[in-house]
Amino acid sequence: MNDVTVLRKALTDGICLGLPGVAMAISTKAGLWSGADGFASLQEDIPLSTKKHAFCVGSITQTFVSVVILQLAEEGYLDLDQTALEYLKENNSNCDVSEIPNIDQASLRQLLSHKSGIPNYREVPKWIRKGRGADMERGSLRPKTEPLSFIKDKKATFAPGQEFQESATNYTLLGLVIQSVTGNTAEDEIRNRILIPLGLNHTHLDSFEDSNILNPAAAQSSPSSKLSRPVLANHYHYATPSFLETAGYSDACFEKVPGRWPYMIETTKANFSAEWTAGGMVMTVKDMVMLGQALRDAQQEQYNGGEEKQALHEMFIHQEPENPHNPGTDSSQTTQFCMGIGKSAIPKLPCESIWTQDGKTLGFQTKLFWMEHSDCVVAVATNIGSVHSDLGQAEAWNIWLEKSLFPAVQQYLIQNALL
């Protein structure tokens with residue numbers, strides 16, 4: 001049996017840094033190991049468990065959408081050089097998207113790679129308050145097209161293809177394209193094409209389909225004998241002055257955490273319907289690793305010149321934008337963004353590069369990555385969010401990843417001869 005002491009210590013490090021709970025799963029040629037530390041609920045002292053708890057994975061949702069779009073393109077339903085407007089218009093979509101900047105110019109390929117120049121609704125103050133702050137309504141199911149209404153009066157960020165800038169709007173539009181060309185909901189297509197074939201039994205798109213993951217309120221009202229499904233972990237957020245100024249405080253969905261750090265609030269009453277195909281997926285860390293294994297196999301098959309998963313060929317190609325001023329590279333980790341996934345160089349891991357996708361949303365932060373030319377896949381998650389909190393690299397999650405998690409993974413692989 002492999003020695004996982006260093007991994008368990010890394011989890012404990014996360015709690016000592018102030019994270020409420022932290023969970024991880026790692027898959028190698030020796031098998032899959034998962035572990036957690038801290039709490040799923042601070043007030044009730046419920047320990048966090050990889051078997052019992054799930055997390056909203058934010059922008060990792062976009063990885064699912066990319067796979068479906070590329071499959072539809074291979075099947076002849078889509079031409080990646082066409083615009084989203086063309087498909088939404090041709091298929092009589094109920095949503096009028098004609099007023100969205102660049103919608104008649106940006107191709108699906110540019111939406112997938114965040115080079116569309118379409119404004120990001122997550123940067124619009126009114127949406128932030130509606131989707132993540134003061135104007136949230138408990139139990140409210142936000143319409144899938146609602147985020148688009150917040151950018152119709154905005155100007156394009158840049159001409160399509162000129163630069164790179166992440167925009168959640170791209171993936172909301174891609175979700176609508178999936179629905180328009182298939183006649184099914186985007187969540188049904190994701191489930192039938194990815195979740196069922198891969199056996200991701202503890203994954204769903206929050207609020208828009210029957211949940212195989214219980215929310216905390218449902219778990220409390222159910223007999224313990226029926227709690228065979230994971231529960232969405234209670235979640236928290238850094239309510240810094242920046243967050244309160246930008247997002248505000250929702251009396252309906254937020255609660256103060258007595259006796260804890262003064263800038264921590266509980267956000268468990270909120271749902272993620274406002275995120276939909278841009279960031280609303282909920283899953284366990286074990287399901288995250290299983291997704292990573294499938295993507296790794298597709299990427300390595302492509303690297304070796306295989307054709308088994310040709311549909312995903314473009315997913316792993318980074319194309320420089322025409323303007324090198326913003327080439328789609330994160331300077332902190334030199335991440336090259338592709339389609340729903342990125343390629344990074346991290347010196348504290350024993351490999352030239354990793355393939356990775358991060359997820360940050362209200363109440364949660366997650367990361368999925370695998371080492372290139374390796375069978376090591378890692379998923380990590382915490383139940384506290386930092387979006388709009390203006391903490392940057394000083395935030396505990398970022399410190400934990402760099403100073404504890406990455407070195408621990410390296411040491412674990414070396415100690416157990418798994419490289």
Side-chain angles (χ1 to χ4, degrees), residues 2 7 24-34 57 59-75 80 109 112-113 190 193-200 203 281 283 285-320 328-330 333-359 366-380 401 405-406 409-410 412-414 416-419:
N2 292 325
L7 300 180
M24 75 172 296
I26 180 169
S27 171
T28 66
K29 59 187 177 183
L32 187 149
W33 179 85
S34 66
V57 297
S59 293
I60 293 175
T61 308
Q62 297 175 17
T63 307
F64 289 91
V65 175
S66 294
V67 170
V68 173
I69 288 287
L70 292 170
Q71 287 179 344
L72 290 171
E74 184 179 60
E75 294 164 10
L80 297 182
R109 182 175 282 108
L112 284 164
S113 58
I190 290 171
R193 291 172 175 272
I194 304 174
L195 305 190
I196 293 175
L198 295 184
L200 304 185
T203 300
M281 195 71 76
M283 58 198 310
V285 288
K286 288 185 178 180
D287 273 17
M288 288 172 64
V289 159
M290 291 169 66
L291 171 67
Q293 289 172 324
L295 292 170
R296 176 207 59 197
D297 290 349
Q299 182 268 325
Q300 292 186 353
E301 176 76 19
Q302 188 61 46
Y303 176 84
N304 294 327
E307 299 182 357
E308 181 179 351
K309 296 181 174 63
Q310 189 68 25
L312 303 187
H313 170 71
E314 284 198 65
M315 189 171 185
F316 305 102
I317 297 176
H318 171 71
Q319 296 181 338
E320 295 286 340
T329 299
D330 180 334
Q333 294 183 350
T334 60
T335 299
Q336 293 183 325
F337 292 91
C338 302
M339 295 181 177
I341 202 76
K343 189 176 182 180
S344 291
I346 298 180
K348 296 186 178 182
L349 287 173
C351 59
E352 292 183 5
S353 58
I354 65 170
W355 289 92
T356 183
Q357 179 70 317
D358 293 350
T366 55
K367 186 176 187 69
L368 170 65
F369 65 92
W370 69 90
M371 299 182 190
E372 193 165 36
H373 312 314
S374 164
D375 59 4
C376 179
V377 182
V378 180
V380 288
L401 289 175
L405 186 277
F406 294 147
V409 169
Q410 178 178 20
Y412 169 75
L413 295 174
I414 293 173
N416 294 285
L418 295 172
L419 291 175

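Computed from a prediction, not measured in an experiment: that's the story for all the values here.
- The two atoms that bring I26 and V409 nearest to each other are CD1-CG1, 4.3 Å, heavy atoms only.
- With S59 contributing its side chain and G359 its backbone, the two residues share no donor-acceptor pair below 3.5 Å.
- When side chains are defined from C-beta on, M283 does not count as touching T366, because their heavy atoms never get closer than 4.5 Å.
- Using a 4.5 Å cut-off on side-chain heavy atoms (C-beta onward), N2 and W33 make no contact.
- Every side-chain contact (heavy atoms from CB on, under 4.5 Å) that L80 has, sequence neighbours left out, goes to I69, L70, A73, L108, R109, L112, E314.
- At least one side-chain heavy atom of E372 sits under 4.5 Å from a side-chain heavy atom of K343.
- Between the CD atom of Q300 and the OG atom of S374 there is a distance of 7.5 Å, given to the nearest 0.5 Å.
- Two residues are said to be in side-chain contact when any heavy atoms from C-beta on lie closer than 4.5 Å; C376 and T28 meet this criterion.
- Between the CD atom of Q71 and the CG atom of L312 there is a distance of 6.5 Å, given to the nearest 0.5 Å.
- R296 meets the salt bridge (Lys or Arg N to Asp or Glu O under 4.0 Å) test with no other residue; sequence neighbours excluded.
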| message | Evaluate L418 against D375 for side-chain contact (heavy atoms from CB on, under 4.5 Å), listing each step before the verdict. | response | CA-CA 9 Å; L418 295 172; D375 59 4; over 6 Å; no

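- The aromatic rings of W370 and W355 sit parallel, their planes meeting at an angle under 30°, below the 60° perpendicular limit.
- Heavy atoms only, all atoms of each residue included: T63 and L295 are closest at CG2-CD1, 3.5 Å.
- Side chain of S113 to main chain of M339: no donor-acceptor pair is present (N/O by atom type, distance under 3.5 Å, no hydrogens or angles).
- When all heavy atoms of H318 and F337 are compared, the pair lying nearest together is ND1-O, 2.8 Å.
- Residues V378 and Y412 have side chains not in contact (no heavy-atom distance under 4.5 Å, counting atoms from C-beta outward).
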| message | Is there a side-chain contact (heavy atoms from CB on, under 4.5 Å) between V380 and L401? Walk through the geometry before answering. | response | CA-CA 9 Å; V380 288; L401 289 175; 4.1 Å; yes

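- By the side-chain contact (heavy atoms from CB on, under 4.5 Å) test, I414 pairs with Q410, L419, sequence neighbours left out.
- Rounding to the nearest 0.5 Å gives a distance of 9.0 Å between CE of M281 and CG of L291.
- The closest side-chain heavy-atom distance from V285 to M24 is not below 4.5 Å.
- In this structure, CD1 in I354 is found 4.5 Å from OG1 in T356, a value given to the nearest 0.5 Å.
- Annotation: the span from I341 atom CD1 to Q357 atom CD amounts to 5.5 Å, rounded to 0.5 Å.
- Here the straight-line distance linking atom CG of L413 with atom CG of L7 works out to 8.5 Å at 0.5 Å rounding.
- Taking 4.5 Å as the limit, every side-chain heavy atom of L198 sits out of range of all side-chain heavy atoms of M290.
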